[in-house]
Amino acid sequence: MPEIDLRYLFRLTDDTGIFQHAVLGIPDPSEGYTTDDNARALILADMLYERYGGKRFEDLIVRYLSFLLYAERGHWFRNFMNYNREFTEKRGSEDCYGRSILALAYTASRSYLPSTIRECAKNLLDRTIPACRNLKYPKGIAYTAVGLSLYNSSEAAHYRKILREELIEIYQKCRKKNWHWFEDEITYCSGILPYAILCTYNPENLQFKIGLESLDFLSKLTFRNKMFFPVGCNGWMKRGGSPAVYDEQPVEACNMMMVCMKAYEATGSGVYLEQAKHCFQWYLGRNISHISMIDPETGGCCDGISPFRVNKNEGAESLICWLISALVAEQNGWYT
């Protein structure tokens, strides 16, 4: 395979941040920006700076971090911003908060980054961490717990312990004989839930087994014949039902790839490594439609797989998930 193509990342990013949506491979300013995407992009930019170095990636980090600075209000984060740089809501979701905490903790903990960037991320993180005690929903808790697992402070350790115990309690209340999950429905980015358990417990802990048990449950639903089949967003999967086949989205492949890699690192089991590879290969055409999701003309990633076609719009979430997956694959020698 050629070098990882980064052209579209720079096309989709302006002096405010990364645009949320696109029409085919053309950024759509009318849809504005989200903190969700800029938080994801901050992690990607950190990874690119580690891989390549240089001012252009440092500038991206600064831009996405600056977006998070502006998004913060009252120790929380707003999410949706229009093209006039006006936030259209007073308060974002718990998922948005968790993704922001994760991005800030990742940035603050990267020793290779310039000190100004790390200190800025740390200051914003320290200011917003206490709000995590108000979290109620599993995925917001999980994103935050993963972030706090990266950050070394007494306050982070205190809240990390609280959040991981909440996740364990949520799981134990919902778990049944044939349903090893945290909720009564499997929806978007489900892998973050077992990932949070695996990040916040050591392999010797009994609770660590919950992370593997829930991951294995999800894997049985999403891997068949050496191929990744994410639960589709058009219906998801309710307890006792069957997984929706469509629409499959790129964020699911990246999300599942990362938790499988975490499980592989913790256990050494080749099963998880192979599953991570299948997630990466989903982007390249080993998917239900047998079509590559990557646009060779732009370097962007298509937004999803519908019953009769691939969604050829190339938004920020899809691009970022593809590039993070590609960087992980390259680091592990799969991107060849």
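Treat the numbers as computed from the prediction; the structure is a model and nothing was measured.
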When you look at K55 and D59, which way does the salt bridge (Lys or Arg N to Asp or Glu O under 4.0 Å) test go after all the steps? CA-CA 6 Å; K55 184 178 182 300; D59 287 346; 2.7 Å; yes
With the 4.5 Å side-chain cut-off for hydrophobic clustering, are [X] and [Y] part of the same group?
X    : Y    : result
L221 : W179 : yes
V251 : L193 : no
Y106 : L48  : yes
Y97  : Y137 : no

Could you tell me if R78 sits above the aromatic ring of F80, with its cationic atom closer than 6.0 Å to the ring centre and no more than 45 degrees from the axis? no
Taking the six-membered ring of Y201, is the NZ or CZ of R164 close enough (under 6.0 Å from the centre) and on axis enough (within 45°)? yes
Side chains of T298 and E314: do they bring a donor and an acceptor to under 3.5 Å? yes
Heavy-atom check, side chain of R286 versus side chain of H278, under 4.5 Å: yes
Taking [X] first and then [Y], would you say they form a salt bridge - that is, a charged N and a carboxylate O separated by under 4.0 Å?
X    : Y    : result
E274 : K226 : no
D126 : K122 : yes
E50  : R110 : no
E183 : R239 : no
R40  : E317 : yes

Pair listing, side-chain hydrogen bond (donor to acceptor under 3.5 Å, both in side chains) test, anchored in residues 255-268, at least two apart: none
The criterion is ring pair (Phe, Tyr, Trp, His ring centres under 6.0 Å); which residues satisfy it with Y171, sequence neighbours excluded? F182
Please determine whether side-chain contact (heavy atoms from CB on, under 4.5 Å) holds for the pair E248 and I288, giving the CA-CA distance in whole Å, both sets of side-chain angles, and the decisive distance to 0.1 Å. CA-CA 9 Å; E248 295 188 3; I288 193 170; 3.7 Å; yes
Determine the minimum heavy-atom distance between C189 and R99, stating which atoms define it. SG-NH2, 4.4 Å
